[in-house]
**Student:** 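Below are the structure tokens for one structure; questions will follow.
The chains referred to below are lettered A, B, ... by the order of the sequence lines, with proteins before strands, and numbering in each begins at 1.
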Protein chains: 2
Amino acid sequence: MTIHDHPGKECIDTVRAFNRFYTRQIGLLDEGLLKSPFSLTEARVLYELANRDGLVASDLVRDLGLDPGYVSRLLKKFEERGLVEREASEADARRASIALTLAGSQAFAPLNQDSHDQVRALLDRLAPADQERLVKAMRTVHDLLGDRPEPKVPYILRPLQVGDIGWVTRRQGMLYAQEYGWDETFEALVAEILGEFVKNFVPQWERSWIAEREGEVVGSVFVVRKSPKVAKLRLLYVEPSARGLGIGARLVDECITFARAKGYRTLTLWTNDILGAARRIYQEAGFRLVDEERHHSFGKDLVGQTWNLEL
Amino acid sequence: MTIHDHPGKECIDTVRAFNRFYTRQIGLLDEGLLKSPFSLTEARVLYELANRDGLVASDLVRDLGLDPGYVSRLLKKFEERGLVEREASEADARRASIALTLAGSQAFAPLNQDSHDQVRALLDRLAPADQERLVKAMRTVHDLLGDRPEPKVPYILRPLQVGDIGWVTRRQGMLYAQEYGWDETFEALVAEILGEFVKNFVPQWERSWIAEREGEVVGSVFVVRKSPKVAKLRLLYVEPSARGLGIGARLVDECITFARAKGYRTLTLWTNDILGAARRIYQEAGFRLVDEERHHSFGKDLVGQTWNLEL
DNA sequence: CCATTTTATTGACTCAGTCAACTAAATGAT
DNA sequence: ATCATTTAGTTGACTGAGTCAATAAAATGG
């Protein structure tokens with residue numbers, strides 16, 4: 001696979017179909033503006049003015065993709081009608097920041113309310129579960145096509161919650177199936193391990209960390225008690241899409257800190273030699289390879305490795 | 001929870017933000033039309049004519065949300081330029097179906113190509129995994145907001161594949177957590193059962209069915225061998241969004257057929273009394289309640305039930 | 001300090017889209 | 001059958017949203 005395959009034709013057609021569909025959708029929503037004294041573009045400008053401070057004419061031109069002349073005239077009209085005020089910039093005499101006056105806000109309020117009500121009506125037609133799916137899908141499209149600002153917090157760590165076990169199982173199963181051709185018995189092993197983890201969970205001695213990035217699970221790791229002196233790190237994984245953020249190292253680090261704090265003497269883990277990225281993380285963290293054995297699992301011939309860290 | 005909660009404010013705001021964003025996005029894409037001799041609306045009309053047969057003027061008015069007078073004039077202009085032909089309808093003398101001529105197709109081709117290339121360029125900027133996410137999200141939005149045509153095949157049944165174990169675990173865990181407040185130990189139990197199912201899987205005596213609807217898993221059931229004479233039905237579930245299609249009954253039916261074919265004498269299952277929808281399916285299928293016992297599991301006081309069907 | 005770029009404005013257009021009035025055919029209620 | 005109502009499409013008369021090019025003034029950058 002090259003870095004960028006050309007997108008398939010069905011993909012392109014689906015996106016185009018969506019664009020046509022949404023063109024119409026937006027047309028329907030904007031019909032609500034017909035009775036208002038503002039055009040669609042005017043309403044867009046009002047919205048921007050109402051929701052952002054310190055805007056300058058050229059911001060509107062750029063962000064809404066409008067003609068500078070048109071914006072100039074439009075603002076002049078708004079100013080004459082007392083809807084906006086301009087305040088000359090001190091730093092740059094050409095620019096003037098534009099703000100809605102009270103009258104402007106009042107003129108915008110019903111527009112805003114209409115739009116709000118329309119969207120609510122749209123959502124009301126859907127079952128709650130579908131509302132969530134819709135919103136999530138829209139957010140995905142928005143994030144992918146918009147110039148996504150890197151999230152301020154690249155990821156968070158949190159404990160296990162309902163749904164995580166299955167999700168982690170699924171993702172690990174699919175990931176190793178895709179990358180190494182492992183069969184479904186690996187996914188089954190993950191399911192068993194996680195099932196047992198929760199069933200026999202001892203909060204004092206064991207812990208789980210789920211890495212979440214923008215609401216999506218992107219990594220996880222588990223520490224279980226093998227004996228009073230030995231803790232085992234299990235099921236470290238990081239989503240391919242979230243690699244390079246140091247999540248893997250961070251997760252391992254949390255495990256080590258936890259194991260130390262609990263008074264374990266050894267932190268052990270089992271992995272396979274082909275998992276290079278993981279091995280590097282373990283080495284960096286100070287783990288030493290203590291044992292290797294061949295085995296046939298998950299439909300492949302593999303070399304299992306045991307790594308230990310003396311705490 | 002009422003049937004339709006009012007959508008949360010953040011939902012509404014997200015949808016509105018998406019609408020603003022996509023208004024701009026469509027504006028960007030349509031800039032490609034500027035050099036062409038057609039307006040956006042003309043291009044939309046041409047697209048419809050190129051992709052659908054037997055169209056009538058009023059179809060365009062309805063489907064594209066246009067003014068009838070405008071369409072009338074637009075078609076007249078196209079006809080004068082030799083881009084479209086009209087053929088009077090036999091059934092209704094007022095109507096005439098409209099079709100692109102060869103010249104019309106030729107005029108449309110570059111537009112179509114441009115749009116295609118633009119979308120390809122858009123997708124090319126994304127990693128393949130993100131392309132898939134985008135397309136899937138768009139399809140979700142389209143399906144939810146468009147008047148979705150009922151799929152021709154409402155669902156299909158298929159055997160387990162990689163990723164299903166985790167998905168089924170997650171969905172069951174989340175479903176019962178949401179509907180009955182069960183804690184994560186239920187999800188863990190599902191994970192263990194499924195892990196063991198795959199680990200000890202005996203194809204001759206056991207089987208799984210996954211119900212899939214439009215590419216999404218919407219239900220599942222498993223049959224395991226308890227003894228040479230007794231098979232156990234486990235983990236029946238149907239997604240709320242796919243209920244009412246008879247998937248649950250169908251899954252149970254498959255289990256019964258399978259158990260009979262394999263020569264089992266009894267099909268047994270364990271459930272809880274609060275799961276009313278499931279109970280109805282079991283009763284319909286001929287199962288008899290043979291045992292009940294109170295137990296405390298999943299953070300709740302429950303009444304477990306064993307149901308048997310003599311084959 | 002001078003060429004270039006950015007920000008904003010203005011004049012001059014135009015054509016995409018609207019609105020209302022109207023014809024002709026089809027439908028449907030009685 | 002028939003007559004009121006609805007549907008399909010047409011035409012005339014507008015208008016105003018948006019475009020394009022020229023210009024001014026300020027800021028930037030080598």
**Student:** Just to verify, what does B:Tyr70 make a ring-ring contact (aromatic ring centres under 6.0 Å, His included) with, not counting sequence neighbours?
**Tutor:** none
**Student:** Are the side chain of B:Asp59 and the backbone N or O of B:Leu55 linked by a donor-acceptor pair below 3.5 Å?
**Tutor:** no
**Student:** Does a donor on one side chain and an acceptor on the other come within less than 3.5 Å for A:Arg171 and A:Tyr237?
**Tutor:** no
**Student:** Among residues 49-62 of chain B, which ones have heavy-atom contacts with DNA chain D below 4.0 Å?
**Tutor:** B:Val56, B:Ala57, B:Ser58
**Student:** Through what angle, rounded to 10 degrees, does the axis of the helix from C:dC1-D:dG30 to C:dT30-D:dA1 turn between its ends, using five pairs per end?
**Tutor:** 40°
**Student:** So, taking the atom named CZ in A:Arg73 and the one named CZ in A:Phe78, what distance separates them when rounded to the nearest 0.5 Å?
**Tutor:** 14.0 Å
**Student:** Is there a side-chain polar atom (N or O) of B:Lys76 under 4.0 Å from OP1 or OP2 of D:dT11?
**Tutor:** yes
**Student:** Would you compute the distance between atom CG of A:Asp114 and atom CG of A:Leu29 and round it to the nearest 0.5 angstrom?
**Tutor:** 11.5 Å
**Student:** Anything under 4.0 Å to a heavy atom of chain B counts; send over the first and last such nucleotide of DNA chain C, read 5' to 3'.
**Tutor:** C:dA16 to C:dA26
**Student:** Could you tell me whether the side chain of B:Thr101 and the main chain of B:Gly82 form a donor-acceptor pair under 3.5 Å?
**Tutor:** yes
**Student:** Under a 3.5 Å distance rule, please check whether B:Ser115 uses its side chain to pair with a backbone N or O of B:Leu111 as donor and acceptor.
**Tutor:** no
**Student:** Salt bridge between A:Asp117 and A:Arg120, side-chain N to carboxylate O under 4.0 Å?
**Tutor:** no
**Student:** Donor-acceptor pairs under 3.5 Å, side chain of residues 38-46 of chain B to any protein atom, not counting sequence neighbours: which ones?
**Tutor:**
{"residue": "B:Ser39", "atom": "OG", "partner": "B:Thr41", "partner atom": "N", "Å": "3.4"}
{"residue": "B:Ser39", "atom": "OG", "partner": "B:Glu42", "partner atom": "N", "Å": "3.2"}
{"residue": "B:Glu42", "atom": "OE1", "partner": "B:Ser39", "partner atom": "N", "Å": "2.7"}
{"residue": "B:Glu42", "atom": "OE2", "partner": "B:Lys77", "partner atom": "NZ", "Å": "2.7"}
{"residue": "B:Arg44", "atom": "NH2", "partner": "B:Leu64", "partner atom": "O", "Å": "3.4"}

**Student:** Please confirm whether the backbone N or O of B:Asp63 pairs with a side-chain atom of A:Arg24, one donor and one acceptor, at under 3.5 Å?
**Tutor:** yes
**Student:** Would you call B:Asp143 and B:Arg139 a salt bridge, using N to O less than 4.0 angstrom?
**Tutor:** no
**Student:** Please confirm whether any donor atom in the side chain of A:Arg94 sits under 3.5 Å from an acceptor in the base of D:dA26, or the reverse.
**Tutor:** yes
**Student:** Under 4.0 Å, heavy atoms only, any strand: does B:Ala91 hit a base, just the sugar-phosphate, or nothing?
**Tutor:** sugar-phosphate
**Student:** To the nearest Å, give me how far apart CG (B:Leu75) and P (D:dT10) are.
**Tutor:** 7 Å
**Student:** Does the pair B:Asp130/B:Arg133 count as a salt bridge with the N-to-O cut at 4.0 Å?
**Tutor:** yes
**Student:** Considering only nitrogen or oxygen atoms on both sides, find all protein atoms under 3.5 Å from nucleotides 18-20 of chain D and state each distance.
**Tutor:**
{"residue": "D:dG18", "atom": "OP1", "partner": "A:Thr41", "partner atom": "OG1", "Å": "3.1"}
{"residue": "D:dG18", "atom": "OP2", "partner": "A:Thr41", "partner atom": "OG1", "Å": "2.8"}
{"residue": "D:dG18", "atom": "OP2", "partner": "A:Tyr70", "partner atom": "OH", "Å": "2.5"}
{"residue": "D:dT19", "atom": "O4", "partner": "A:Arg73", "partner atom": "NH2", "Å": "3.3"}

**Student:** Taking atom C1' of D:dT10 as reference, at what distance in whole Å does atom CD of B:Glu80 sit?
**Tutor:** 13 Å
**Student:** Take the protein atom CD of B:Glu79 and the nucleotide atom P of D:dT11, then report the distance between them rounded to whole Å.
**Tutor:** 11 Å
**Student:** Run the salt-bridge test on A:Arg250 and A:Asp253 with the 4.0 Å N-O cut-off and return the result as yes or no.
**Tutor:** no
**Student:** Please determine whether a side-chain nitrogen or oxygen atom of B:Lys77 lies at a distance below 4.0 Å from atom OP1 or OP2 of D:dT11.
**Tutor:** no
